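None of the values given here were measured: they were computed from a predicted structure.
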Amino acid sequence: MTLTPKRLQRLVKHRERLERLQEGELASALRLYRRREEALTESLDNRESLLATAHPAGPLEVADAEAAMAYLRRVDREILARRAALQHSASDVEEERTELLARRRDRKAIETLRDRRLEEERIERNRAQLRFIDELAATRWQPPATGGAP
């Protein structure tokens, strides 16, 4: 099958649509990354606020201390889980970026091929037009043939 400029143009449009879809995927991955980043920051803030209020001025209540330690363990587990989720999101974002760059390179390659084909067709049309003009000029300025020899 020959890749005509018209077919190449359709391919370019299709690749542009795929590129836009990939941009949407990347935007979605970035939104998820930011949400997870905010959740991690919130957990870190919770931990810091607990540690800042851990030293009361008065007598220490055992039940309060145990509750605070249990909460601190829960927050620490939550922080570990959110860091892992954030790392996973970061790798997803990187994959989406890589895929988007690949799609852009693909589209640009097809555009370049299309432009070359259009240029080749333009050059061939010009050559054909010049050949036609040369043939027309040759037949027009050719001396008339004589009917007999003197």
### Query
Once you round to the nearest 0.5 Å, how far does CG of Asp134 lie from CZ of Arg131?
9.5 Å
### Heavy-atom pair with the smallest gap, counting every atom of Leu118 and Pro5
CD2-CB, 3.4 Å
### Query
For the residue pair Val75 and Ser43, what are the closest heavy atoms and their distance?
CG1-O, 3.6 Å
### Message
Distance check, rounded to the nearest 0.5 Å: Leu86 atom CG versus Leu32 atom CG?
### Response
9.5 Å
### Co-membership, hydrophobic cluster, residues Leu101 and Val93, 4.5 Å side-chain
no
### Task
With sequence neighbours excluded, give me every salt bridge (charged side-chain N to carboxylate O under 4.0 Å, His left out) pair touching residues 21-33.
Glu23-Arg104
### Summary
To the nearest 0.5 Å, atom CG of Leu50 lies from atom CE of Met69 at 9.0 Å
### Query
So Glu78 and Arg82, salt bridge (Lys or Arg N to Asp or Glu O under 4.0 Å) or not? Walk me through it.
CA-CA 6 Å; Glu78 186 177 276; Arg82 288 185 174 180; 3.7 Å; yes
### Query
side chain to side chain donor-acceptor pair (under 3.5 Å) with Arg107: which residues, sequence neighbours excluded?
Glu19, Glu111
### Task
Let me see the working for His14 and Arg10 under side-chain contact (heavy atoms from CB on, under 4.5 Å), right down to the final yes or no.
CA-CA 6 Å; His14 178 70; Arg10 285 194 309 266; over 6 Å; no
#### Entry: Exceeds 12 heavy-atom contacts within 6.0 angstrom, atom CD of Glu61
no
### Task
Apply side chain to side chain donor-acceptor pair (under 3.5 Å) to Glu94 and list each qualifying residue two or more places apart in sequence or on a separate chain.
none
### Query
In chain order, what residues pass the side chain to side chain donor-acceptor pair (under 3.5 Å) check against Gln87, with sequence neighbours excluded?
none
### Query
Between Leu100 and Leu21, is there a shared hydrophobic cluster once you connect ILVMFWY residues whose side-chain heavy atoms come closer than 4.5 Å?
no
### Task
Calculate, to the nearest 0.5 Å, the distance between atoms CD1 and CZ belonging to Ile110 and Arg7 respectively.
10.0 Å
#### Entry: Single-linkage hydrophobic cluster, 4.5 Å side-chain cutoff, Leu18 and Leu8 together
no
### Message
Just to verify, what does Gln22 make a side chain to side chain donor-acceptor pair (under 3.5 Å) with, not counting sequence neighbours?
### Response
Glu96, Arg103
### Message
Would you say that Lys108 contacts Arg105 through its side chain, given a criterion of any heavy-atom pair below 4.5 Å between the two side chains?
### Response
no
### Task
Would you give the length of the straight line joining atom CD of Glu121 to atom CG of Asn126, rounded to the nearest 0.5 angstrom?
12.0 Å
#### Entry: Identified side-chain hydrogen bond (donor to acceptor under 3.5 Å, both in side chains) counterpart of Ser89 within the set Glu37, Arg34, Arg36
Arg36
#### Entry: Min side-chain heavy-atom separation Glu99-Glu95 under 4.5 Å
no
### Summary
Applied to residues 38-51, the salt bridge (charged side-chain N to carboxylate O under 4.0 Å, His left out) test, sequence neighbours excluded, yields Arg47-Asp76
### Message
Starting from Ile79, can I reach Tyr71 by hopping between I/L/V/M/F/W/Y residues whose side chains sit under 4.5 Å apart?
### Response
yes
### Task
For the residue pair Thr112 and Arg117, establish whether any side-chain heavy-atom pair is separated by less than 4.5 Å.
no
### Task
Determine, using the 4.5 Å side-chain heavy-atom cutoff (strictly less than), whether Leu40 and Leu51 are members of one ILVMFWY cluster.
yes
### Query
Looking at Glu119 and Arg122, does any basic side-chain N land under 4.0 Å from a carboxylate oxygen?
yes
